[in-house]
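All heavy atoms count here, side chains included; hydrogens, waters and symmetry mates do not.
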Amino acid sequence: MIEDPFVAHRGLLFTVAYEMLGSAAEAEDVVQETWIRWDGIGADARGEVRDPRAFLVRMVTRKALDQLRASARRREQYVGEWLPEPLLTAPDVADDVALAESVSLAMLTVLETLTPVERAVFVLREVFDLPYAEIAEAVDKSVPAVRQIGHRAREHVAARRPRVEVQRSEQQQVVERFLAAVTQGDLQGLLDALAPDVVLVADGGGVAQATLHPVVGAKKVANLLRTFEKFGAGARIVPVTLNGSPGAKIVDVADGYDTAISLVVEAGRISRIYAIRNPAKLSGIDSEATLRR
């Protein structure tokens, strides 16, 4: 029996939607809406689609664009910093370097600074290598316009993305030293693990306690992280792979809210820390997400 194209490409469709939206919940909604429309076409009509993969990606892209535009105002009114929704990912995601970089919290945060159409063009071209003609059809633009939008988006992202050029083993070692220092409340250990200009960004969504603005500098960040012992006697740090990179989940904290931590390693030290505490964004770290290119 031939597998339905939607089933065969579901992981890809979710990944496209997630990279465009930065929200697993919204991405899942988009994928489900795409399935309803695909199923409603009818078996005969579906059989006449020459390139089901391109057709489905186009459907997901258009629905994700609609969702991105609709949620823009809500994000402007968000309490504190807005961070993407983290995902628990299998270790093999890190084997695809391009995919791991594209779904990292650092990259998704940069993509938030693009317009919806710029984000769609960048994701479809730079991550999934779609032809310009297919992208143009998906975003309802001409091919020359898409090329120009893509060029502008690439320059924008290149100026803001972290320069991560470390081996996975080295990255893992740095993260392990950092987590050990946090667990032990070791100030010197934290200072050794953090870059001098490290930036910590937290997202509590106005629900869980979190800093409303980024914290900059190794001493300030280290002093903030030393408060781990105040989280409660049952608190513990669980190393996990988040969005293709080493991270951690802090569970059983005193205020009843867990924390997901994603880390960026540059030149052997932690340069950026993303701490997601909004409980509405933590369902994606309970089971592994299927990401595909």
Side-chain angles (χ1 to χ4, degrees), residues 14 18 21-29 74-75 78-91 93-94 100 103-109 112 171-172 174-186 190 193-194 198-215 221-265 270 272-291:
F14 174 81
Y18 175 68
L21 296 167
S23 166
E26 291 179 1
E28 191 60 46
D29 288 343
R74 294 200 306 272
R75 294 185 184 184
Y78 197 78
V79 177
E81 297 289 324
W82 190 96
L83 288 175
E85 185 176 337
L87 293 177
L88 180 67
T89 52
V93 171
V103 298
S104 68
L105 267 291
M107 175 59 81
L108 292 175
T109 302
E112 283 294 315
Q171 185 180 28
Q172 186 68 50
V174 173
V175 171
E176 288 175 355
R177 290 200 303 270
F178 167 78
L179 294 179
V182 173
T183 303
Q184 298 162 13
D186 179 1
L190 284 169
L194 298 173
V198 61
V199 179
L200 182 150
V201 183
D203 178 349
V207 179
Q209 183 178 0
T211 58
L212 295 178
H213 304 287
V215 179
V221 171
N223 284 326
L224 183 64
L225 293 173
R226 283 186 72 201
T227 61
F228 175 71
E229 65 269 17
K230 298 179 183 178
F231 288 165
R236 65 187 189 281
I237 293 181
V238 181
V240 292
T241 301
L242 295 178
N243 295 63
S245 300
K249 177 181 178 181
I250 302 177
V251 298
D252 297 330
V253 296
D255 62 5
Y257 296 107
D258 294 339
T259 305
I261 298 178
S262 178
L263 306 160
V264 176
V265 176
I270 306 291
R272 291 189 82 84
I273 302 171
Y274 301 100
I276 299 92
R277 306 207 67 220
N278 185 346
K281 294 185 177 183
L282 297 181
S283 60
I285 60 174
D286 292 329
S287 58
E288 287 185 358
T290 300
L291 301 177

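- Asn243 contributes atom CG, which lies 5.0 Å from atom CG of Leu87 (distance to the nearest 0.5 angstrom).
- The two atoms that bring Ala222 and Leu190 nearest to each other are O-CD1, 3.6 Å, heavy atoms only.
- Taking every heavy atom of both residues into account, Glu85 and Ala24 meet most closely at OE1-N, 3.1 Å.
- Atoms CD and OG, from Glu28 and Ser283 in turn, are 10.0 Å apart once rounded to the nearest 0.5 Å.
- Under the 4.5 Å side-chain criterion, counting only non-hydrogen atoms from C-beta, Thr109 is in contact with Pro84.
- Looking at Leu200 and Pro214, their side chains never come closer than 4.5 Å, going by heavy atoms from C-beta outward.
- The two atoms that bring Leu242 and Ser262 nearest to each other are CD1-N, 4.5 Å, heavy atoms only.
- The structure places OG1 of Thr183 at 3.5 Å from CD1 of Ile237, a figure rounded to the nearest 0.5 Å.
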> Passes side-chain contact (heavy atoms from CB on, under 4.5 Å), Ile261 versus Ile250? Steps please.
Replying inline: CA-CA 8 Å; Ile261 298 178; Ile250 302 177; 3.6 Å; yes
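- A distance of 5.0 Å separates CZ in Phe178 from CG in Leu225, rounded to the nearest 0.5 Å.
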>> Evaluate Val265 against Val175 for side-chain contact (heavy atoms from CB on, under 4.5 Å), listing each step before the verdict.
In response: CA-CA 8 Å; Val265 176; Val175 171; 4.2 Å; yes
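- Salt-bridge check for Arg177 with Asp186: failed, with every basic side-chain N at 4.0 Å or more from each acidic carboxylate O.
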> Please walk me through it: do Ile285 and Val240 pass side-chain contact (heavy atoms from CB on, under 4.5 Å)?
Replying inline: CA-CA 9 Å; Ile285 60 174; Val240 292; over 6 Å; no
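- In terms of the side chain to side chain contact (heavy atoms under 4.5 Å, CB included) criterion, residue partners of Ala275 (sequence neighbours excluded) are, by chain and number, Ala202, Thr259.
- Proximity of Arg75 to Glu112: side-chain heavy atoms (C-beta onward) are separated by under 4.5 Å at one or more points.
- Considering only heavy atoms from C-beta on, Asp286 stays 4.5 Å or farther from Leu88 through its side chain.
- With sequence neighbours excluded, no residue satisfies salt bridge (Lys or Arg N to Asp or Glu O under 4.0 Å) with Glu288.
- The environment of CD in Glu176 is crowded: more than 12 heavy-atom neighbours from other residues, nucleotides or ligands sit within 6.0 Å.
- By the side chain to side chain donor-acceptor pair (under 3.5 Å) test, Asp203 is found to be paired with Tyr78, Lys281, residues two or more places apart in sequence or in another chain being considered.
- In this structure, Leu224 CG and Ile273 CD1 are separated by 8.5 Å, a value rounded to the nearest 0.5 Å.
- The distance from the CD1 atom of Ile276 to the NZ atom of Lys249 is 12.5 Å, given to the nearest 0.5 Å.
- Side chain of Thr89 to main chain of Gly244: a donor-acceptor pair is present (N/O by atom type, distance under 3.5 Å, no hydrogens or angles).
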>> Let's go through Val199 and Tyr274 carefully: what are the C-alpha distance in whole Å and the side-chain angles of both, what is the deciding distance for side-chain contact (heavy atoms from CB on, under 4.5 Å) to 0.1 Å, and is it a yes or a no?
In response: CA-CA 9 Å; Val199 179; Tyr274 301 100; over 6 Å; no
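- Judged by distance alone, the side chain of Glu81 and the main-chain N or O of His213 form no donor-acceptor pair under 3.5 Å.
- Between the Arg272 side chain and the Ala106 main chain, no donor and acceptor come within less than 3.5 Å of each other.
- Residues Leu108 and Tyr18 form a side-chain contact, since some pair of their non-hydrogen atoms from C-beta on lies under 4.5 Å apart.
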